[in-house]
Amino acid sequence: MLLALWCLLWLAGPGAHAQSLEGVLSPGVLSNAHAKLESECSACHKYFSRNAQDQLCSECHKPVAEDIRAASGYHGRLEDKTCRTCHAEHKGANNTLIVLDKKKFNHDQTDWPLHEAHANLGEKCESCHVAGKKYRQAPLTCNGCHAKDDVHKGKLGEKCTDCHNEKKWKDVKFDHDKTHFKLEGGHAKLQCKACHSNNLYKDTPRDCFSCHKSTDNKSGHHGRYGPKCATCHTVANWKEVIFSHDRDTHYPLKAKHAEAKCDACHKGILYQEKLATTCVSCHRKDDNERGHKGTLGDKCETCHAEQGWKQARFDHERDTKFKRIGKHVDAKCEACHKSGVTAVKGVAPVKPPQQCYGCHKSDDDAKGHKGQFGEKCDTCHNNNSWKESRFDHNRDTPYVRRGKHITSVCAACHTGPLYGPKLSQECVSCHRKDDQEKGHRGTQGTRCADCHSESNWKVEKFDHNKSVFPLLGKHVRVECKNCHATVRFKEAAKTCIGCHDKDDVHKRRLGTDCETCHNARSWKSWDFNHNKTRFRLEGAHSRLECQSCHKEVLVKGKSMGMTCISCHAKDDIHRGSFGLECQRCHSNRSWLDTPRTR
């Protein structure tokens, strides 16, 4: 049977013979991977050449063939490179061509030996090898697997091993010194994110200002000193300034200037604004506040020193012809030099006077002198205190001041120019106004000292007993105003009735010679004795009131009638028929006492 079949195939020709023979002699069904080659044995087999099979495999599996030729990859490193050793066919459609023993598989024979954390994965091949893809298709770069772990978002490239290792992803071993920016000083202690914000590394700037702009603002520079931070600052310590103004500029800093902050002088952009080196270029404001306002010129160093602006080294006594004494030492320059010492806008300054009055005219006016005491201020005033006068009126004039005169101001007496008409030393020469206001109005004369004293203008020492009206009795204790209705004292009455008219109960019927009955001891105590007159009071007459008889006003030099009928005319019932000698019938005991009644 077999022989007959062979003969038929031989007769059909060599090609047909081989094809038919291979189909008859197939050892089994191909796997699903090669199912399309089921009728094409020549795709994998060559007549009578067993070794040619591997070559045919390579023609289809070119990547594997390339590994074998390059001796790379897993297939390139196998000692037995015969394909059928591992990949057996004709064992059925469901046959698996790839037989992998995970426990025995040596990953070191691949292009990716497993180390550290990768080696600890064990049989978890799916950690790197995605299902449905060939093992050889697994990525051979870190980023191929760890793209999702790349916080850099791919901006640092795919050379993860430059910083990371297989032992631990977060264990970074990057050597920054191998980059274009070597970490030194304070930079070496920083964490990556301090400079690489948002994990951006590739485009990180390498100049100081790009990272330290906020620090530059906090220090008050605000970019005005440019981006060359290294000119002043070091990587060791930002606060440590290495810039030396004395060494690195043409303007050495001395005394207070050495303590000044940069922006005290450099207010503009450092590399655009060239500062002038004159004092006034920086101290113009100080010049204005001091009151100079440019009037003393620009040579500030003439008076001021770098040790202290307020400390002036100008010596007025040494450098000028006017030696300052007392309060002048503490006076400000502009107090005397009101128009400055240098020309301003072409206008020459006015040279200050060296006489007191030239500067102190306003003080003279405020003092009340207003020029009336002349310009020899030093006669009274001194350099220590304008208010302190050294003039001694008692020593320097013939008029010794006492009492209230000591505390009176000069202008109280010297109302006119001091060196004009000589003042009178009489009281009234100054106190005429007081005499008018007091009410004397010249009536008391000009001898004010007779009543008034220098201690008090009020009357203290007037002796009334030396006047034309000595004070006796109760007059001694009476207040002046009780008798002197006005201060024109001479106008006061000198008679009793002049003051006591209201006390005269007689209504002047007894005349105005009050002293005839009354005395100064007491007005109510009177001692008039009628019996000493030409009309003795006897009988009923002694009991009568004065006005009973003195009905008319008693006129001096004119006496009253002393006959009975002069008073008793109305009592005369005889109506004068018995004559005027009433005493012939009547007695002074009683008008009714007559001879008939006895």
Side-chain angles (χ1 to χ4, degrees), residues 364-377 379-381 387-503 514-515 519-521 523:
D364 185 76
D365 292 340
K367 191 79 175 174
H369 302 339
K370 298 181 180 180
Q372 70 185 51
F373 293 164
E375 299 181 3
K376 297 179 180 180
C377 306
T379 304
C380 301
H381 304 283
K387 294 181 179 180
E388 179 184 343
S389 176
R390 63 183 177 183
F391 179 75
D392 189 337
H393 209 283
N394 298 347
R395 179 194 65 206
D396 302 331
T397 71
Y399 185 82
V400 178
R401 296 191 303 169
R402 300 183 181 90
K404 287 289 185 179
H405 287 157
I406 296 175
T407 56
S408 61
V409 295
C410 305
C413 298
H414 298 280
T415 56
L418 182 67
Y419 299 101
K422 190 175 181 180
L423 289 182
S424 171
Q425 296 187 19
E426 292 185 359
C427 304
V428 75
S429 64
C430 281
H431 294 283
R432 192 174 299 282
K433 181 180 178 182
D434 297 317
D435 186 73
Q436 293 294 323
E437 292 178 351
K438 195 74 177 175
H440 300 339
R441 304 183 185 280
T443 59
Q444 302 300 117
T446 59
R447 296 174 57 184
C448 307
D450 288 347
C451 301
H452 303 281
S453 70
E454 292 170 309
S455 300
N456 196 327
W457 182 254
K458 293 182 179 180
V459 178
E460 292 182 347
K461 62 177 182 177
F462 180 71
D463 188 354
H464 214 285
N465 294 331
K466 293 181 180 180
S467 69
V468 295
F469 192 88
L471 297 182
L472 303 172
K474 284 200 172 184
H475 286 157
V476 176
R477 296 189 296 274
V478 173
E479 291 187 27
C480 303
K481 64 182 180 180
N482 290 348
C483 297
H484 299 282
T486 69
V487 292
R488 294 189 291 275
F489 298 115
K490 287 185 177 182
E491 295 177 357
K494 299 179 180 62
T495 62
C496 301
I497 197 66
C499 285
H500 295 283
D501 191 30
K502 63 180 180 179
D503 299 319
C514 307
E515 64 275 9
N519 58 66
R521 294 190 302 277
W523 179 262

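Counting begins at 1 with the first residue of the sequence. Note that the structure is a prediction, hence the values are computed from the model and not measured.
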* In chain order, what residues pass the side-chain hydrogen bond (donor to acceptor under 3.5 Å, both in side chains) check against H414, with sequence neighbours excluded? -> none

* Asked: Of all heavy-atom pairs between N465 and L471, which one has the smallest distance, and what is that distance?
  -> OD1-N, 2.9 Å

* Residue list, side chain to side chain contact (heavy atoms under 4.5 Å, CB included) with K376, at least two apart or on another chain -> D378, T379, Y419

* Counterpart residues, salt bridge (Lys or Arg N to Asp or Glu O under 4.0 Å), relative to D503 (two or more places apart) -> none

* Asked: By salt bridge (Lys or Arg N to Asp or Glu O under 4.0 Å), which residues pair with D396, not counting sequence neighbours?
  -> none

* Under the side chain to side chain contact (heavy atoms under 4.5 Å, CB included) test, which residues partner A520, sequence neighbours left out? -> L472, H475

* Separation of W523 CH2 from C496 SG (nearest 0.5 Å) -> 6.0 Å

* Does N519 have any side-chain hydrogen bond (donor to acceptor under 3.5 Å, both in side chains) partners at least two apart in sequence or in another chain, and if so, which? -> none

* S408 and H405: side-chain donor and acceptor closer than 3.5 Å? -> no

* To do: Identify, with sequence neighbours excluded, every residue that meets ring pair (Phe, Tyr, Trp, His ring centres under 6.0 Å) alongside H393.
  => F391

* For V478, enumerate each residue passing the side chain to side chain contact (heavy atoms under 4.5 Å, CB included) test, keeping only those at least two apart in sequence or located in another chain. => N482, C483

* Structure fact -> residues 398-427 vs salt bridge (Lys or Arg N to Asp or Glu O under 4.0 Å), sequence neighbours excluded, gives none

* Under the salt bridge (Lys or Arg N to Asp or Glu O under 4.0 Å) test, residues paired with K481 that sit two or more places apart -> E479

* Over 12 foreign heavy atoms within 6.0 Å of CZ, R390 -> yes

* Asked: Would you find a donor on one side and an acceptor on the other, under 3.5 Å apart, between the side chain of S424 and the backbone of S429?
  -> no

* Asked: Which residue, C410, C380, P417, forms the side chain to side chain contact (heavy atoms under 4.5 Å, CB included) with F373?
  -> C410

* To do: Mind checking the SG-CD spacing from C448 to E454? Nearest 0.5 Å is all I need.
  => 11.5 Å

* With sequence neighbours left out, what residues match T495 under side chain to side chain contact (heavy atoms under 4.5 Å, CB included)? -> I497

* Structure fact -> Value for CZ (F469) from NZ (K494), rounded to nearest 0.5 Å, stands at 9.5 Å

* Structure fact -> For E388, the salt bridge (Lys or Arg N to Asp or Glu O under 4.0 Å) test, sequence neighbours excluded, returns none

* To do: Taking the side chain as every heavy atom from C-beta outward, state whether C377 and H369 have any atom pair closer than 4.5 Å.
  => no

